[in-house]
Amino acid sequence: MVVTFDGVTKKYGKETALNDTSFQFQKGKIYGLLGPNGSGKSTTLKMIAGLVLPNKGTVTMNGKPVTRKMASEVAYLTELDMFYEAFTVEGMIRFYASQFPDFDTGRANELVAFMELDGRKKIKHLSKGNRGRLKLVLALSRNTEVLLLDEPFSGLDPMVRDTIVKGLLSYIDFGHQTVIIATHEIDEIEAILDEAYIISDGEIKGHCQVEELRESEGLSVLQWLKKTTKSEGKMK
Ligand SMILES: Nc1ncnc2c1ncn2[C@@H]1O[C@H](COP(=O)(O)OP(=O)(O)OP(=O)(O)O)[C@@H](O)[C@H]1O
């Protein structure tokens, strides 16, 4: 699935989240969406998921405009709704299986074991980090053409982040899925990214092919980000 932003502006009242922005995400690649707080990363993901519509310009998937009805081709990792607090982890997996025909219950159970989650625990009794793990289980168990991960590692113990990030790779459908990860945890995901965009003040300030950046400029993504934005203090 090719996702294209063409001259997109999104305003929330007087606040401009995206300002006449054009960029593209290609099929089968993993993208990092980087930038300071409030730069428009979450808004970008919400627009692909059809949860927020542009004031100007178009967001398309394979040339078709994204509509408010969340496209079935998109899995969007977001906060778990209060509605689910009384569900157990296993109950949540059953619920997702009933809601999404593309949901792979076998993979979800594997991921629950990989993430060392207790399937019988209620969501309201999970720690923040374990809620984060459950959200990843749910997002990675969908067989969608687009996978959107908004701060997927927030709340995760830094000791296990690395293992989890590496483990994620085995659950991403390479060549088929377009994966977009909005994050400040650049060090952790650097190894899995194909490309990255820097977004700041609602505008694209940089785009790189990660391997090329390493080979031709000898820069890590974090170094490139710092060089491009010259605003290290803004990053976590
Ligand atoms: N529902 C909303 N109502 C009003 N303003 C909003 C809303 N959502 C986002 N904004 C504003 O739009 C701008 C972009 O926000 P967005 O959440 O997309 O940024 P972000 O890059 O994801 O930030 P962070 O890294 O802090 O999560 C910010 O100025 C934010 O305050």
Side-chain angles (χ1 to χ4, degrees), residues 3-25 30-61 66-71 74-83 128-129 131-133 135-136 138-139 146-156 158 161 165 178-190 192-193 195-208 220-236:
V3 181
T4 308
F5 280 59
D6 187 8
V8 171
T9 296
K10 172 63 197 169
K11 289 176 191 264
Y12 298 101
K14 285 184 185 159
E15 196 75 50
T16 301
L18 288 182
N19 186 18
D20 195 11
T21 305
S22 300
F23 57 141
Q24 201 167 59
F25 302 94
I30 305 185
Y31 288 85
L33 196 54
L34 317 173
N37 289 126
S39 57
K41 303 180 297 295
S42 297
T43 300
T44 299
L45 297 191
K46 284 179 189 163
M47 292 185 117
I48 300 169
L51 301 172
V52 165
L53 294 179
N55 297 102
K56 238 180 72 194
T58 54
V59 182
T60 56
M61 288 203 279
V66 173
T67 59
R68 193 169 282 285
K69 192 169 170 286
M70 195 165 157
V74 176
Y76 175 53
L77 177 148
T78 183
E79 288 309 311
L80 292 170
D81 202 286
M82 287 294 285
F83 170 74
K128 195 173 157 203
R131 290 171 82 96
R133 291 176 190 216
K135 288 190 289 179
L136 277 168
L138 298 171
V146 180
L147 174 61
L148 307 174
L149 304 174
D150 197 349
E151 290 294 353
F153 313 118
S154 67
L156 288 186
R161 255 188 225 159
V165 172
T178 306
V179 183
I180 308 169
I181 307 174
T183 187
H184 296 285
E185 319 287 352
I186 300 158
D187 283 345
E188 272 91 347
I189 62 158
E190 161 121 28
I192 69 169
L193 295 182
E195 297 187 23
Y197 281 108
I198 296 171
I199 183 164
S200 186
D201 293 331
E203 292 175 7
I204 299 299
K205 299 283 162 69
H207 171 237
C208 77
S220 70
V221 175
L222 185 57
Q223 287 167 331
W224 168 72
L225 175 67
K226 286 179 174 176
K227 189 178 155 195
T228 308
T229 59
K230 294 192 178 69
S231 58
E232 300 170 31
K234 283 187 175 179
M235 298 302 295
K236 257 200 323 196

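Quick caveat: nothing in here was measured; it's all calculated off a predicted structure. Throughout, residue positions are numbered sequentially from 1 according to the sequence presented. In listed order, ligands and their atoms are each counted from 1. Both backbone and side-chain heavy atoms feed into the values below; hydrogens, waters and symmetry mates do not.
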Query raised in the report: Taking atom types as modelled, is there a side-chain donor on Ser42 or Asp150 under 3.5 Å from an acceptor on the other?
Result: yes
Query raised in the report: Between atom CZ of Arg161 and atom CD1 of Ile189, what is the distance when rounded to the nearest 0.5 Å?
Result: 11.5 Å
Considering only N or O atoms, set out every pair between ligand 1 and the protein closer than 3.5 Å, with distances to one decimal place.
{"residue": "ligand 1", "atom": "18 (O)", "partner": "Thr43", "partner atom": "N", "Å": "2.9"}
{"residue": "ligand 1", "atom": "18 (O)", "partner": "Thr43", "partner atom": "OG1", "Å": "2.6"}
{"residue": "ligand 1", "atom": "19 (O)", "partner": "Gly40", "partner atom": "N", "Å": "3.2"}
{"residue": "ligand 1", "atom": "21 (O)", "partner": "Ser39", "partner atom": "N", "Å": "3.0"}
{"residue": "ligand 1", "atom": "21 (O)", "partner": "Ser39", "partner atom": "OG", "Å": "3.2"}
{"residue": "ligand 1", "atom": "21 (O)", "partner": "Gly40", "partner atom": "N", "Å": "3.0"}
{"residue": "ligand 1", "atom": "21 (O)", "partner": "Lys41", "partner atom": "N", "Å": "3.0"}
{"residue": "ligand 1", "atom": "21 (O)", "partner": "Lys41", "partner atom": "NZ", "Å": "2.8"}
{"residue": "ligand 1", "atom": "22 (O)", "partner": "Ser42", "partner atom": "N", "Å": "2.8"}
{"residue": "ligand 1", "atom": "22 (O)", "partner": "Ser42", "partner atom": "OG", "Å": "2.8"}
{"residue": "ligand 1", "atom": "23 (O)", "partner": "Gly38", "partner atom": "N", "Å": "2.8"}
{"residue": "ligand 1", "atom": "25 (O)", "partner": "Asn37", "partner atom": "ND2", "Å": "3.3"}
{"residue": "ligand 1", "atom": "25 (O)", "partner": "Lys41", "partner atom": "NZ", "Å": "2.7"}
{"residue": "ligand 1", "atom": "25 (O)", "partner": "His184", "partner atom": "NE2", "Å": "2.9"}
{"residue": "ligand 1", "atom": "26 (O)", "partner": "Asn37", "partner atom": "ND2", "Å": "2.9"}
{"residue": "ligand 1", "atom": "26 (O)", "partner": "Gly38", "partner atom": "N", "Å": "3.3"}
{"residue": "ligand 1", "atom": "29 (O)", "partner": "Glu15", "partner atom": "OE2", "Å": "3.2"}

Query raised in the report: Between Lys205 (side chain) and Thr228 (backbone), is there a donor-acceptor pair under 3.5 Å?
Result: no
Requested in this report: Report yes or no: do Gln24 and Thr4 form a side-chain donor-acceptor pair below 3.5 Å?
Outcome: yes
Report summary line: Contacts of Phe23 meeting ring-ring contact (aromatic ring centres under 6.0 Å, His included) (sequence neighbours excluded), chain-then-number -> Phe5, Phe25, Tyr197
**Report entry** Point-to-point distance, once rounded to the nearest 0.5 Å, from CG of Leu136 to CG of Leu156
**Finding:** 6.5 Å
